[in-house]
Amino acid sequence: MNSEHQESSSSDTYVVGVDYGTLSGRAVVVRVRDGAELGSAEYVYPHGVLDRVLPDGTRLGPDWALQVPSDYVDVLRHAVPAALSVAGVDAGRVVGIGTDFTACTMVAVLADGTPLCEVEGLSGRPHAYVKLWRHHAAQAQADRITQLAGERKEAWLQRYGGKISSEWEFAKALQLLEEDPELYHRMERWVEAADWIVWQLCGTYVRNACTAGYKGQLQDGVYPSEQFLAALNPEFAGFVADKLEHPIGQLGGRAGSLTAEAAAWTGLPEGIAVCVGNVDAHVTAPAAGAVAPGQMVAIMGTSTCHVMSSDQQGVVPGMCGVVDGGILPGLWGYEAGQSGVGDIFGWFIRTGFPAAYAEQAAALGQDPHEYLTGLAAGQKVGEHGLVALDWHSGNRSVLVDHDLSGVIVGQTLSTRPEDIYRALLEATAFGTRTIIEAFEASGVPVGELIIAGGLTKNALLMQIYADVTRLPLSVIASAQGPALGAAMHAAVAAGAYPDIQACARSMGKAERGVYQPDPDRAAAYDRLYAEYQLLHDYFGRGTNQVMHRLRTLRAQAMA
C-alpha cells in the first residue's frame with residue numbers, strides 16, 4: 001500500500017476516471033476529498049489503429065485511421081478492475097465513474113447503439129468502423145464545408161478560426177455519405193465515441209456539450225442549417241435532424257446510473273453516477289488547476305491539444321473552436337492543437353535511429369528517446385544548423401491543413417541523429433508558439449503554459465518550450481491528467497462538489513513555474529523561430545503548394 005492509501009479513512013469515498021487515448025485506455029481510482037490517485041491500470045487496444053487494412057484484410061486508402069469499438073468496452077472489463085485491485089479500496093465506496101475520449105472520434109450506430117461494424121455482413125466495410133480523431137481522409141469534404149460556409153457568410157465559421165477540420169463530425173459524415181451511401185442510410189445515429197462509451201455504461205445516450213460545440217459546430221444552440229447541408233449534398237440535408245441532433249448533457253452532469261451489465265464488467269456498484277462524456281484535453285484543464293482566464297493547458301502526447309478558458313471572446317485564426325462554457329462554466333473555452341508531436345519523435349526513432357546508437361543506448365540502460373535527449377541536451381541553441389516544420393501529421397492550428405507535411409532544412413553529411421531529434425523537439429515548440437501568438441494577436445491573452453501528458457518526463461523538451469515561448473512552464477502533478485479530470489467530473493456528477501471549479505481547488509494539482517525561460521536561450525530561439533516562420537508561411541500559406549502536389553501524386557500512385 002502507498003502512503004496515500006494508508007491515509008484513507010473508513011469515511012472516504014472514491015471515483016473512477018477512464019481516459020480513452022489513441023492506443024490504449026487508462027483507469028485511475030481517485031479519492032474524492034483530495035484527489036489522491038490510489039491506483040491505475042492501462043489496457044492496450046488489441047486492434048490498435050487500423051490505418052492500412054481492416055481486421056479481415058480489406059485495404060484502406062491514404063489518411064484513414066479507424067478503430068474497433070469492442071476494444072473500448074474491453075478497457076472497462078480489464079483496466080477498471082485492475083485499477084481497483086491496485087488501489088485496494090472497497091469498491092462499494094466508489095460513488096461515480098467519468099470518462100474522457102479522443103475527439104473527434106465517431107461511431108456509426110443503429111438506434112440501439114450497435115456499431116455498424118458489428119452488424120452481420122458489414123465487417124468488411126471501412127465506413128462501418130470507428131473513425132478515429134486522426135482520420136484525415138475527409139479533407140475534401142472539410143474543404144467544401146469551409147468554402148461553402150465562407151461563400152454563404154455563415155456566422156458559425158468564425159467560431160472555428162475560419163476553417164473546418166477533416167477531423168470533425170460533419171466532414172467525416174459527409175465522406176461516409178458520398179463514399180458509401182448505402183451504409184450512411186443504414187446508420188441511425190452518428191455518435192461521438194465520448195458519448196458512445198457513456199451509453200454502454202448507463203444505457204442512456206446523452207450528447208455532451210463539449211464535442212457538440214467543438215466538433216459538431218453547435219453554436220448558440222443551433223447547428224448548421226438544413227439549407228446549408230443540402231447545398232453540400234441534397235442527401236445530406238436531413239443529417240442533423242435524422243442522425244446527429246440529440247439532447248445535450250452539460251459537463252459534470254449525471255448522464256445516468258451504472259447498469260448491472262456495466263457493473264459486472266467493471267466491478268463497480270450498480271447504480272452509481274455515470275458522468276456526461278468529455279474530451280481528453282478539455283477534461284484535463286481542471287485537473288491541472290487551470291480554472292482562471294489565461295491559463296493555457298497543453299496536453300502533450302502523440303499529438304498536442306491546447307485548451308484555455310478566457311473572459312475574452314476573440315476570433316483566433318485556426319482555432320479548433322470557441323464555445324461558451326466549453327471547458328468551464330461562465331468562461332469562453334478555446335481549443336487549438338498540433339496534429340503530431342510525440343508521433344513525430346516516435347517516427348524518427350523508428351526510421352532514423354542507427355544500430356550503433358541502439359547498442360550504445362542499451363549499454364547505458366536507456367531507451368532511444370532518453371539516449372538522443374541526452375546527446376541533444378549538450379548542444380547550444382542553433383548548433384545543429386537545422387530548422388524543421390512539425391507537420392508530419394498535417395497542421396491543425398493555425399493553418400488547419402492536413403495535407404501539409406514535414407520539412408527539415410539544413411541537413412549536411414555531418415548531420416547526426418541527435419541533431420535531427422533536437423530540431424524536431426524544437427519544431428513542436430515553435431508550433432506551440434505560433435498558436436500562442438495567434439491567441440495574443442486576437443486579444444485573448446495567454447499568461448501561463450501548463451503541460452500535461454507523458455512528454456512532461458522529458459526535461460529538455462520542457463525547457464525548450466519555456467525558452468521558445470518565453471512563458472513560465474507549469475507541470476501537472478499527475479501522470480494521468482485526463483483520467484484524473486474525468487474522475488473529478490464524476491465527483492461533481494455524484495454531488496460531492498457543487499461545480500468543477502470547487503472540485504479543482506481540492507482535487508486538481510499542478511507544480512507551478514517549474515521551468516523558467518532563460519533570456520539568452522530565448523533570444524537565440526527568436527532567431528531560429530524567425531526561420532521557422534518563413535518556412536511556415538512559404539509552404540503553409542500558398543506560396544509553394546509542393547506538399548499538396550506531392551500528396552496528389554502519392555494518391556494517384558497508390559490508386
Side-chain angles (χ1 to χ4, degrees), residues 2-5 7-8 12 14-22 24-43 75 79-80 82-84 86-87 89 94 96-102 252 275 278-292 295-302 304-308 327-328 342 448-459 461-462 465 472-492 496-497 500-515:
N2 59 40
S3 59
E4 288 181 318
H5 184 188
E7 293 169 2
S8 295
D12 275 322
Y14 309 92
V15 281
V16 172
V18 185
D19 166 40
Y20 284 91
T22 300
S24 65
R26 292 161 291 276
V28 62
V29 179
V30 181
R31 191 164 56 207
V32 169
R33 64 177 163 89
D34 60 1
E37 298 168 42
L38 305 180
S40 65
E42 180 179 17
Y43 181 78
V75 171
V80 174
L84 283 169
V86 172
V89 302
V94 175
I97 181 170
T99 56
D100 69 81
F101 230 103
T102 62
C275 187
N278 210 324
V279 176
D280 50 0
H282 301 69
V283 80
T284 305
V291 293
Q295 294 178 301
M296 177 175 281
V297 181
I299 300 89
M300 297 178 62
T302 56
T304 293
C305 189
H306 305 76
V307 295
M308 188 178 76
I327 301 171
L328 299 168
E448 180 185 10
L449 188 58
I450 306 172
I451 308 296
L455 295 181
T456 57
K457 292 179 288 187
N458 189 320
L461 182 65
M462 296 298 98
Y465 270 65
L473 235 68
S474 301
V475 178
I476 189 171
S478 169
Q480 303 288 350
L484 172 60
M488 290 167 59
H489 281 79
V492 176
Y497 293 95
I500 194 62
Q501 286 97 328
C503 182
R505 287 191 285 271
S506 295
M507 297 179 71
K509 52 186 79 169
E511 298 173 1
R512 301 290 177 191
V514 178
Y515 298 93

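The figures that follow rest on heavy atoms only: side chains count, while hydrogens, waters and symmetry mates do not.
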Locate the shortest heavy-atom distance separating [X] from [Y]; write the atom from each residue and the value.
X	Y	value
G96	A490	C-CB, 4.0 Å
A288	A510	O-CB, 3.3 Å
A504	P286	CB-O, 3.6 Å
V283	A486	CG2-N, 3.4 Å
T22	T102	N-CG2, 3.8 Å
S40	V86	O-CG2, 4.1 Å

[atom2] on [Y] to [atom1] on [X], rounded to 0.5 Å:
X	Y	atom1	atom2	answer
Q295	M308	CD	CE	10.0 Å
R33	D12	CZ	CG	4.0 Å
L455	I299	CG	CD1	12.0 Å
M300	H306	CE	NE2	7.5 Å
K509	I476	NZ	CD1	8.5 Å
L38	R31	CG	CZ	5.5 Å

Do [X] and [Y] have side-chain heavy atoms sitting under 4.5 Å apart?
X	Y	value
V279	V307	no
Y43	V80	no
V18	V75	yes
I450	R512	yes
T456	E511	no
Q480	V30	no
L473	V514	no
I451	M462	yes

- Those residues that, when tested against D19, pass salt bridge (Lys or Arg N to Asp or Glu O under 4.0 Å) (two or more places apart): R26
- Message: Under a 3.5 Å distance rule, please check whether Y515 uses its side chain to pair with a backbone N or O of L461 as donor and acceptor.
- Response: no
- Task: Determine yes or no for a side-chain-to-main-chain donor-acceptor pair under 3.5 angstrom, with S474 supplying the side chain and G513 the backbone.
- Result: yes
- Item | Results of ring pair (Phe, Tyr, Trp, His ring centres under 6.0 Å) for H489 - residues two or more places apart only | none
